[in-house]
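What follows is a short report on a single structure.
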There are 2 protein chains.
Amino acid sequence: MDKYIGMSKKDNNTEEKIIQAAEVVFIEKGMAGARMQQIADVAGINKALLHYYYRSKEKLFNVIFKIAFKAFIPNLLEVFKGDKDFFTKLRYFVSKYIDVLERNPHLPGFVLHEISHRPDNLMKMVKEMNFDVDFIQDQIAEEIAQGKIKAIDPAQLLINVISLCIFPIVAKPMISGVIYKGDEKAYKKMLKDRKTHVADFIINSIKP
Amino acid sequence: MDKYIGMSKKDNNTEEKIIQAAEVVFIEKGMAGARMQQIADVAGINKALLHYYYRSKEKLFNVIFKIAFKAFIPNLLEVFKGDKDFFTKLRYFVSKYIDVLERNPHLPGFVLHEISHRPDNLMKMVKEMNFDVDFIQDQIAEEIAQGKIKAIDPAQLLINVISLCIFPIVAKPMISGVIYKGDEKAYKKMLKDRKTHVADFIINSIKP
DNA sequence: ATTTAGATTAACCATATGGTTAAACTATAT
DNA sequence: ATATAGTTTAACCATATGGTTAATCTAAAT
């Protein structure tokens with residue numbers, strides 16, 4: 001096991017442990033509901049050590065938020081830059097994105113909740129990571145121009161796609177409780193089916 | 001101005017003021033982020049008076065949550081019990097529901113966040129108010145049987161409808177920021193258009 | 001072996017926060 | 001006028017919470 005200079009003591013991945021613990025706690029409880037003590041407990045360290053690495057709760061939160069936000073708008077969108085058929089890319093995206101969210105069910109709720117709570121602060125952060133979804137809208141416009149899909153506002157279509165992917169995850173307890181009367185299995189099956197259903201539903205709507 | 005027996009002092013609608021203040025604060029900040037002091041301030045009363053009417057933060061929260069939840073799943077769903085054409089009812093529902101949410105933009109985020117934070121406690125509460133969306137799914141199944149709409153899992157269709165209505169509200173800062181680059185006007189226009197767009201999009205997808 | 005510099009902890013600190021209490025207030029009934 | 005019963009408040013209280021400090025520990029460098 002090689003060590004770097006200036007590295008000491010038994011545990012050389014404390015930062016990593018803190019990040020992982022903070023991810024779990026923040027994403028589940030949100031900024032307001034999270035407790036530094038609990039993060040320390042989950043990380044298996046002293047509370048003061050949190051402040052040694054990340055000076056304040058807010059600083060630590062910002063680190064976690066960035067990580068969460070990147071996972072929330074994944075590289076997956078890049079598939080639309082490929083030269084495959086648009087419907088094929090759509091099917092791929094929907095399936096993979098629901099897959100990602102299914103494995104991080106608290107992620108979208110966390111990001112949406114926090115971003116709507118401190119829009120200014122967080123939108124600034126978002127802008128720093130400069131995301132771009134314009135190229136997708138351009139591509140939709142191009143598809144329409146070529147008569148490959150019906151006329152539709154590209155922004156609306158984009159919003160529809162992400163709504164149909166994300167909402168069923170954000171509203172899991174709601175859907176699971178009200179529609180499926182608490183039957184978790186039924187909810188899970190619905191999500192699985194959804195990986196193809198959503199793309200079918202969209203394509204049905206926009207094919208010429 | 002008539003008074004009831006056992007009613008006293010200048011202000012006879014303190015409870016009302018508390019509820020309104022609590023609604024504003026809880027729905028904007030969530031249970032964890034809300035402060036009893038702020039609720040008292042917004043209501044223009046002493047903090048102790050909150051505890052006089054509602055013994056604890058949790059009790060007060062439960063009252064507000066019920067109100068919020070009822071507004072979140074509005075009577076609007078009743079329109080599907082009418083004998084109008086299914087597509088007509090769908091158009092009406094989508095338009096009116098987006099309208100309601102537009103005027104209470106923090107409502108869906110609040111309900112979803114809290115319900116996913118304490119699923120057991122809150123689902124119990126939800127069950128007490130026993131909601132029923134089965135009749136809508138039955139109706140969808142019936143429409144399919146009559147060949148009036150394409151074959152589709154009724155639950156999936158129902159989830160699609162509410163996803164397309166609610167998500168754009170929950171994700172307002174997200175959409176406004178990332179898709180519309182902070183242009184509030186553009187976001188508002190999108191929402192307005194959406195009142196017809198969503199129904200069109202759905203009907204396009206499911207018409208035979 | 002000693003020094004050094006970063007890592008870790010126990011013990012604190014100041015403040016925020018939910019909640020309580022006892023006194024004061026107000027309108028109504030007598 | 002006085003009593004009564006609900007209403008309202010200022011002053012507290014106990015605890016939780018984010019954050020700090022000073023001492024201790026550890027591994028590497030000398």
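We name chains A, B, ... by the order of the sequence lines, and we start the count at 1 in each one. Source: prediction; values computed, not measured.
Residue pairs meeting the ring pair (Phe, Tyr, Trp, His ring centres under 6.0 Å) criterion with at least one partner in residues 119-141 of chain B, sequence neighbours excluded, are B:Phe69-B:Phe131. Applying the ring pair (Phe, Tyr, Trp, His ring centres under 6.0 Å) definition to pairs two or more places apart or across chains, those involving residues 20-42 of chain A are A:Phe26-A:Phe61. Pairs engaging residues 68-78 of chain A under the side-chain hydrogen bond (donor to acceptor under 3.5 Å, both in side chains) rule: A:Glu78-A:Lys81 [sequence neighbours left out].
In this structure, B:Asn13 atom CG and D:dT7 atom P are separated by 12 Å, rounded to whole Å. Between the P atom of C:dA7 and the CD1 atom of A:Ile18 lies a distance of 11 Å, rounded to the nearest Å.
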Protein-proximity profile, nucleotides 17-24 of chain C, B/S/- by nucleotide at the 4.0 Å heavy-atom cutoff, equals SBBBB---

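Residues that satisfy the side chain to side chain donor-acceptor pair (under 3.5 Å) test with A:Asn62, not counting sequence neighbours, are absent from this structure. Qualifying salt bridge (charged side-chain N to carboxylate O under 4.0 Å, His left out) partners for A:Arg55, counting only residues two or more places apart in sequence or in other chains: none.
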Sequence neighbours left out, cut at 3.5 Å: what donor-acceptor pairs do the side chains of residues 36-47 of chain A make with other protein atoms?
{"residue": "A:Gln37", "atom": "NE2", "partner": "A:Asp41", "partner atom": "OD1", "Å": "3.0"}
{"residue": "A:Gln38", "atom": "OE1", "partner": "A:Lys29", "partner atom": "NZ", "Å": "3.1"}
{"residue": "A:Asn46", "atom": "OD1", "partner": "A:Ala48", "partner atom": "N", "Å": "2.6"}

Less than 3.5 Å apart, which donor and acceptor atoms pair up between the side chains of residues 163-176 of chain B and the rest of the protein, not counting sequence neighbours?
{"residue": "B:Ser163", "atom": "OG", "partner": "B:Ile159", "partner atom": "O", "Å": "2.7"}
{"residue": "B:Lys172", "atom": "NZ", "partner": "B:Glu184", "partner atom": "OE1", "Å": "3.4"}
{"residue": "B:Ser176", "atom": "OG", "partner": "B:Glu184", "partner atom": "OE2", "Å": "3.4"}

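For D:dT7, the OP1/OP2 oxygens have a side-chain nitrogen or oxygen of B:Tyr52 closer than 4.0 Å. Listed pair A:Thr14 / C:dT8 meets the phosphate criterion, a side-chain N or O lying under 4.0 Å from OP1 or OP2.
Taken over five-pair windows at either terminus, the axes of the helix from C:dA1-D:dT30 to C:dT30-D:dA1 are inclined to one another by 10° (rounded to 10 degrees).
Side-chain proximity of B:Leu49 to the nucleotides D:dT9, C:dT8, D:dG6 is greatest for D:dT9.
When atom types are taken as modelled, the side chain of A:Lys188 and the backbone of A:Asp183 share no donor-acceptor pair closer than 3.5 angstrom.
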